[in-house]
Amino acid sequence: MNNFDPWHPVHSFRRESYPILKLLHDQTEETAAVILFLGTERVVMDTIHGKLTLSSYYDVRLVSPIHGSASGKILLASIPDEMHAEILGSEPYVRHTDRTPTTYKELAPRISDVRHNCYEISRDEAFNGLVAYGAPIRYRDQTLGCLVLTASSTEIDPENDISYALKTRDSAELLSNSVPSIHPLKNFLIG
């Protein structure tokens, strides 16, 4: 017997969020992804690959470093600070590039910035040559996941980072405020 339910909140959300994901991809020509948070796991719901020849690889479950990725910092910003040490482990955190934050002292202001600005820019932190712009997908005061745009860090000048981050944030806000299945999705993810 097949247990696939096309009207499950996750499937409905994926279907309904696709036009916004496609719009962000079309505006930037970069890789765009919708990621949901299942507890402390980051699960990729949909991806549209961009012009980057070696387009960032997304598996169903993200394994990029939480402390060095846009999606990871957005996840950390969505949970109480007291839980961070449990998720991050002991310091120093693994250095993936020379720009990866390796201490909570380095990471804490970035988490605070995500909460304030509703976006994150992760340039060459998880992988050399990759920049990621992320913004939370929210239902009221609950972060359910994030929208992430990834590109070659050599192709996008750092002076343009804020512009890309704001496009990502605008798309995430549109998705958060216009996708009908977000309420049932919130009930499924959080209860």
Side-chain angles (χ1 to χ4, degrees), residues 10 13-14 16-52 54-79 87 96-97 99-101 107 110-111 113-115 117-139 142-156 158 160-179 182 185 189:
V10 170
F13 179 78
R14 181 175 185 253
E16 293 168 0
S17 64
Y18 183 81
I20 296 168
L21 185 68
K22 178 86 167 92
L23 180 63
L24 178 62
H25 165 75
D26 290 349
Q27 288 173 345
T28 63
E29 298 182 345
E30 304 300 350
T31 300
V34 173
I35 299 163
L36 293 180
F37 299 151
L38 297 174
T40 59
E41 295 291 325
R42 297 165 291 154
V43 179
V44 178
M45 297 309 305
D46 209 349
T47 306
I48 301 174
H49 290 281
K51 62 185 175 185
L52 182 60
L54 297 173
S55 191
S56 57
Y57 175 76
Y58 284 108
D59 203 350
V60 172
R61 182 178 158 266
L62 285 181
V63 293
S64 58
I66 286 182
H67 61 285
S69 64
S71 63
K73 290 188 206 92
I74 292 167
L75 173 65
L76 290 170
S78 74
I79 61 175
I87 294 168
H96 296 271
T97 73
R99 298 192 64 182
T100 308
L107 194 56
R110 303 284 295 280
I111 296 167
D113 286 348
V114 169
R115 289 176 178 151
N117 298 323
C118 294
Y119 66 77
E120 165 60 12
I121 301 166
S122 178
R123 181 174 278 277
D124 298 313
E125 292 179 20
F127 304 99
N128 282 316
L130 190 70
V131 59
Y133 308 96
I137 297 169
R138 300 177 56 82
Y139 178 76
Q142 297 288 323
T143 300
L144 307 179
C146 59
L147 195 57
V148 174
L149 189 68
T150 56
S152 167
S153 61
T154 59
E155 296 291 319
I156 298 177
N160 295 322
D161 279 347
I162 299 295
S163 173
Y164 279 87
L166 292 176
K167 285 177 186 174
T168 306
R169 183 181 74 184
D170 290 348
S171 295
E173 287 176 357
L174 178 61
L175 195 153
S176 297
N177 293 313
S178 67
V179 171
I182 200 156
L185 178 70
L189 294 175

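Counting begins at 1 with the first residue of the sequence. Every value quoted in this text rests on a predicted model; they were computed, and no experiment measured them.
Looking at heavy atoms from C-beta onward, Val148 lies out of side-chain contact with Thr168 at the 4.5 angstrom threshold. Side-chain contact between Arg123 and Ile156 is present, with heavy atoms from C-beta onward closer than 4.5 Å. At a threshold of 4.5 Å between non-hydrogen side-chain atoms, the residues Phe13 and Ile182 count as touching. Counting heavy atoms from C-beta outward, Met45 and Val43 have side chains that approach closer than 4.5 Å. Side-chain atoms of Ile162 and Tyr119, non-hydrogen and from C-beta on, do get closer than 4.5 Å to each other. Contact annotation: the side chain of Ile48 approaches that of Tyr18 to within less than 4.5 Å [non-hydrogen atoms, C-beta and beyond]. A 4.5 Å side-chain heavy-atom check between Ser178 and Ile20 finds at least one atom pair inside the cut-off.
Not a single salt bridge (Lys or Arg N to Asp or Glu O under 4.0 Å) links Asp170 to another residue, sequence neighbours left out. Asp113 pairs by the salt bridge (Lys or Arg N to Asp or Glu O under 4.0 Å) definition with nothing, not counting sequence neighbours. A search for side chain to side chain donor-acceptor pair (under 3.5 Å) contacts involving Thr28 returns nothing, not counting sequence neighbours. Looking at residues two or more places apart in sequence or on another chain, you find no side chain to side chain donor-acceptor pair (under 3.5 Å) involving Asn177. Contacts of Tyr164 classified as ring pair (Phe, Tyr, Trp, His ring centres under 6.0 Å), with partners at least two apart in sequence or in another chain: Tyr133. Considering only residues two or more places apart in sequence or on other chains, His96 meets the ring pair (Phe, Tyr, Trp, His ring centres under 6.0 Å) condition with His67. Applying the salt bridge (Lys or Arg N to Asp or Glu O under 4.0 Å) test to Arg110 and every residue at least two apart in sequence or in another chain returns Glu120, Glu125. With sequence neighbours excluded, the residues forming a side-chain contact (heavy atoms from CB on, under 4.5 Å) with Thr154 are Ser152, listed by chain and number. When the side-chain contact (heavy atoms from CB on, under 4.5 Å) test is applied to Glu16, the partners found at least two apart in sequence or on another chain are Ser12, Val179, Pro180, Ser181. Applying the side chain to side chain donor-acceptor pair (under 3.5 Å) criterion to Asp124, with sequence neighbours excluded, gives Ser153. With sequence neighbours left out, Arg99 forms a side chain to side chain donor-acceptor pair (under 3.5 Å) with no residue at all. By the ring pair (Phe, Tyr, Trp, His ring centres under 6.0 Å) test, Phe127 pairs with no residue at all, sequence neighbours left out.
Atoms CD1 and OG, from Ile35 and Ser71 in turn, are 4.5 Å apart once rounded to the nearest 0.5 Å. The CG atom of Leu107 lies 6.0 Å from the CG atom of Leu76; values are rounded to the nearest 0.5 Å. One distance of note links CG of Asp161 with CD1 of Ile121; it measures 4.5 Å at 0.5 Å rounding. Between the CG atom in Leu144 and the CZ atom in Phe37 there is a gap of 9.0 Å [rounded to 0.5 Å]. From Ser17, atom OG reaches atom CG of Leu24 across 11.5 Å, with rounding to the nearest 0.5 Å. Distance check, rounded to the nearest 0.5 Å: CG of Leu185 to CD1 of Ile137 gives 8.5 Å.
The minimum heavy-atom distance linking Pro136 with Cys118 is given by the pair CD-O, 3.3 Å. Nearest heavy-atom pair, Ser122 versus Ser69, reported as atom, atom and distance to 0.1 Å: OG-CA, 3.8 Å. The shortest heavy-atom contact between Gly134 and Ala70 is N-CB, 3.9 Å.
In this structure, Thr31 contributes its side chain and Gly50 its backbone to a donor-acceptor pair below 3.5 Å. Of the possible donor and acceptor atoms, one in the side chain of Arg115 sits under 3.5 Å from a partner among the backbone N and O of Ala77.
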So Thr47 and Leu21, side-chain contact (heavy atoms from CB on, under 4.5 Å) or not? Walk me through it. CA-CA 8 Å; Thr47 306; Leu21 185 68; 5.9 Å; no
Show the numbers, then the answer: is there a side-chain contact (heavy atoms from CB on, under 4.5 Å) between Ile66 and Arg42? CA-CA 9 Å; Ile66 286 182; Arg42 297 165 291 154; 3.7 Å; yes
Given the rule in the side-chain contact (heavy atoms from CB on, under 4.5 Å) test, do Thr150 and Val131 qualify, once you have shown the distances and angles that lead to the verdict? CA-CA 6 Å; Thr150 56; Val131 59; over 6 Å; no
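For the 3.5 Å distance criterion, the side chains of Thr143 and Arg138 qualify, holding a donor opposite an acceptor.
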